[in-house]
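Report on the following structure.
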Amino acid sequence: MPSEKPSGSVCVSSSISWYPLAIHVSNHDVLEDEQVILSCVALGSEQIEFNWYKDGYTIDISKGFGVLWMETLPRNSRGEYTSVLGIESAKVVDEGVYTCQAADWGIQECKSIYLEVQGPPIVHLSPMSISVNKGDNIALTCVSPNQRVSYTWTRDKSLFALTPGIEVWEDLKPWGSILRITNIQKSLTYTCHSQTRSATREHSIRINLLTPGYCPESEQRGIIWKPTAPGAIAIEDCPPRYVGQATRYCMTLRPGEANWEEPDFSNCVANSLNQILADFQAISRGYMKVSLWSVLSQLFWWFSGQVPCYRGEGEPVLSFLQQVIAFVNLTFTSEEITNVTKVFYANVDLLLSQSNSFIHTKKVGELQALVDQWSLMWGEHMNSTSGHLFYNELVIDAVKLPSDMQYRYYLPMLPNYPRWYSANIAIDVVTKAGSQMNTITIVNYQNISKFLPQISSQILRDGTELLYEMQSNVVSISTHGDIQIRLELTLPVTSHLRTSWNLTCARTDLVGMDWDFTSCRMVLRAGNSSRCLCHRPGLYTTLVTKHSSDEPPSSSRYLPSSVVALGCGSCLILSGLTLLLIGIRKNLLHLLKEQFCLSICMLMAIFVYLSCMGPLLVMNQWLVILLEFLFFISISSHLGMLLIIFTEVAFIPHFKSTKQMVFGLTTGATVLPCLISWLADSFSPTRPMNCWWLPIGSTSFYTAAVSAFLIICLFLVLFVSLCRRLRYLRAINSSKVKQVINLRLGLMKRALVLFITIVSVAISSVLYSNSPNAVNIYVFSSLSALMGFQTFFCYIISNESSHSTKFIKQLKFSSKDKEIISESDYNLFNFFTKQEPEVESESAPPIVKTEPDIALLEIPEKRLTKSKIDLFTNDSPHYEEKINDVELEIYPTSPKKFFKGISVNPTTSGIAVLDVVPQVKCVSDQRESLVTKVDPPCDQVLDDDLSEVSPSEVLNRISHDLDYLLDGSQSPQLNDSSERHKSGSGSPSSGSSGIGKTAL
């Protein structure tokens, strides 16, 4: 509860005050994580100033994490000014005396208020772990020094009912609760839930049954460890002057035998360290009780007296230093960072100097990352262009680099390096123009490997286990800015090499992560040192390695790389040759073929490179996206071919750019699954580490699988429907059109073969990357080689066009090829799809007509009215009059106005004889100038043409004219012409003029 208390000594009120002052709080019952607002109201002039203090120390909101804020409100109608202090999320550290000081014209007035924050309950469960014999009885107590706490018990995370004689609990008012359990028959977990208005806390205990071979009672470092079942963890209170819990694991050696491991004190925090943490929490919220340099100094003097420290005691110190660097990076200036850098590294040096500081390897990696981060921050804010600090366990060098420069640095640069520093480092640095704040730091650790197991193991990408041991110093190189580096490391070997072990250079990002053996290359080994060439920042060392199997690795282990390189290389060569032979054309089908060949070449080139160089365990994300994109491009190329054929045979609205739109959609749609995979991997909290591409079970794998499944289904549906459609069209069209349809069906079948092959290659590549065993390697290599052969066969040898094989067969286009080629502008599909042909090749040669030159002329209408056609017999004048009423050749758009001339001569038998003659004007009295040039005489031309036209063909053409008249109404032109024909009809001999009137 807030209450008024005397102010601290820093705020002294004047003996005389003319400015009444009042302080208020927004919430008198403050719970943890709630917002609190303190307001200070005073009468005064415009020069009035307000200052806030906590427990007598100044509050500086610029030095906090942003949880405190201040604001002075304008003067109100009563002449009062108000200063507001806000706390966004109250913590227990915010509890204390808050004082407001108002100063005006040399007169000050102070007012204080006490703020109390109710935190979560502090609960102690006893015992914290226990192992009992079957049938034993135990009592569990859950107590808290806080009042008004409610307690609840659960068993294996479920509520249970009171069972007299078995499970009974009762409250120990007002301090806790007790649970009595009788006749225990199996291992169970009980949890005590303590709840207040501010928070809820849980504490669990595992009851284990003792079995033969358990760990007996033991005493170590002042703690008595009770008997514990094999495989269980014993939990006890920390030693005196420490708070927290200490743990110890009972490890099973073999059935019926177990042994204690060393105790773990990483959760124990000394009372002195707790006080240091409380002071830091105060200054991190803006309460300037002490300075950060003072806090780090207190930490150094306390920890230097902890020799030897408890096992794992340095891990709480590491957590504290991680909070410090976050606070400094957010609020401190360059001068303040420089001032605290040395004392910060002094504490790190203390942590590294004690071999018991860390238990968990992960914490060692966090310490290394912490040092790298502080080194870069110090390098950016230091006053000079280079800096050098050395301690017993580490040496730090930092260099500021200008933009647009190339330089070579050597380490050690100065003579004042410790005696253990025996590494020689040469760094070639290149910075780009326009880059700012370029910094490079080098941290050399003397013996960080003492916190790691002497011999560790790592699973390689081929599934084998590799044993390794560190043999040199560990060097960490970090950069900030746009910098490219090349490293030359000469690292001394600390001991003699083991027999049958290999010396190698290795790189990783953090201690405890898997080592990368491909980023560095060992170029020289002289005596007890190794020389490595590397090209990336990171953590470097030399390792001695050996495979876990006693037998040395056989040469067959390296065979899969050559097998993959052979298969993918052959596919690369054949696909590249195909790409060269088909050439570059504007035809869209050719573009899809070129797109497929180019994507296959790029895919195979990547796989050849990875098989020779060895892929990293975690490959570059952009290279993975590129692989996925190229596979989808190659798969969608054949889907685009089917869609283009579909636009030719489907009765859909035709646009000039229909095929271009199909090409763009099939190509651009492949970007979508790649983008989804990239976003899924970016936001995924964890990534599988057992595979370098599309790990099975990952988000990117499922995204790619679903996208590929949809494309396959669309391709199969489209293929089946197009086959049915083309077979139907082949059955109802002429032989020339059937030939074109057969070409399209052949193109579709080849597309199906290549589609199935590329899908198989994609599936086998995923299996190969996830499980590189012999079967998957040989399947992937064989399918890759097969795909290259099929690409060459389908696109070159068995192509529908002779153009692609011009380099092989030395053939040219014939007129027949130009008429029936499926990629030509003269595509006969235009005849039965009722669509205008789309010009796909502007460079196509024109059609050369091979028909003979025949004179085509227009028949004047007045000549047409002077003749008639006599059909069948001349005995019926009524029929002749009906025929005379019809004018066959002057309806609109009649194709007979340009024709081969025909003469109709009645015979004595009454049957009309139709003479078909070329229409040439041999009559001397004709004055029209429409006659085309004919070399032979007219009689000879008439005789020759009569032999070319059969009577059945003439009758068919006459039937066509009659069908037109029966189906539609006659045009006015035709009716007028008919009237003129009636009025001007002559004797029957008039129909035997030199030229007939019906053009066929």
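Between the side chain of Glu336 and the backbone N or O of Thr333, at least one donor-acceptor pair lies under 3.5 Å. Within the 3.5 Å criterion, the main-chain N or O of Val511 finds a donor-acceptor partner in the side chain of Gln368. Here the side chain of Gln281 pairs no donor or acceptor atom with the backbone of Ala278 at under 3.5 angstrom. In this structure, the side chain of Ser449 does not engage the main chain of Leu452 through any donor-acceptor pair within 3.5 Å. Remark: side-chain polar atoms of Thr431 are paired, donor with acceptor, to backbone N or O of Met405 under 3.5 angstrom.
Side chains of Asp372 and Ser375: no donor on one and acceptor on the other come within 3.5 Å. A donor-acceptor contact closer than 3.5 angstrom links the side chains of Glu88 and Trp69. In this model, a donor atom of one side chain and an acceptor atom of the other lie less than 3.5 Å apart for Asp279 and Gln275. Trp378 and Thr338 share no side-chain donor-acceptor pair at under 3.5 Å.
Taking each heavy atom of Thr331 and Gly64 in turn, the nearest pair found is CG2-O, 3.4 Å. Leu510 and Leu539 make their closest contact through C-CD2, 4.2 Å (heavy atoms, listed as atom of the first residue, atom of the second, distance). Residues Cys238 and Gln245 share a closest heavy-atom pair of SG-N, 3.3 Å. Of all the heavy atoms in Gly512 and Thr361, the pair that sits closest is CA-CG2, 3.6 Å.
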May I have the list of side-chain donor-acceptor pairs in residues 322-330 shorter than 3.5 Å, sequence neighbours left out?
unit_1 : atom_1 : unit_2 : atom_2 : d
Gln322 : NE2    : Glu366 : OE1    : 3.3

Only distances under 3.5 Å count here; give the side-chain donor-acceptor pairs of residues 382-396 to other protein atoms, sequence neighbours excluded, each with its distance to 0.1 Å.
unit_1 : atom_1 : unit_2 : atom_2 : d
Ser384 : OG     : Ser386 : O      : 2.6
His388 : ND1    : Asp397 : OD1    : 2.9
Tyr391 : OH     : Lys342 : O      : 3.2

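In this structure the side chain of Phe358 reaches within 4.5 angstrom of the side chain of Leu318, judged on heavy atoms. Residues Tyr53 and Tyr98 form no side-chain contact, since every pair of their non-hydrogen atoms from C-beta on lies 4.5 Å or further apart. Proximity of Thr439 to Val399: side-chain heavy atoms (C-beta onward) are nowhere separated by under 4.5 Å. Val348 has its side chain within reach of Leu367: a pair of non-hydrogen atoms, C-beta onward, lies under 4.5 Å apart.
Asp94 and Arg285 are joined by a salt bridge, as a carboxylate oxygen and a charged side-chain nitrogen come within less than 4.0 angstrom of each other. A salt bridge does not link Lys432 to Asp404: none of the charged nitrogens lies less than 4.0 Å from a carboxylate oxygen. Contact check on Glu34 versus Lys91 returns no salt bridge, with no Lys/Arg side-chain nitrogen under 4.0 Å from an Asp/Glu carboxylate oxygen.
Among residues two or more places apart in sequence or in another chain, the side chain to side chain contact (heavy atoms under 4.5 Å, CB included) test is passed with Val343 by Trp293, Leu296, Ser297, Val340, Asn347.
The cationic group of Lys63 lies under 6.0 Å from the six-membered ring centre of Phe332 and within 45° of the ring axis, placing it in a cation-pi geometry.
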### Task
Apply ring-ring contact (aromatic ring centres under 6.0 Å, His included) to the pair Tyr57 and Tyr287, showing each step before the final yes or no.
CA-CA 7 Å; Tyr57 299 99; Tyr287 309 134; over 10 Å; no

### Message
For Cys100 and Cys40: C-alpha separation, side-chain torsions, deciding distance, then whether disulfide bond (SG atoms under 2.5 Å apart) applies.
### Response
CA-CA 6 Å; Cys100 173; Cys40 181; 2.1 Å; yes

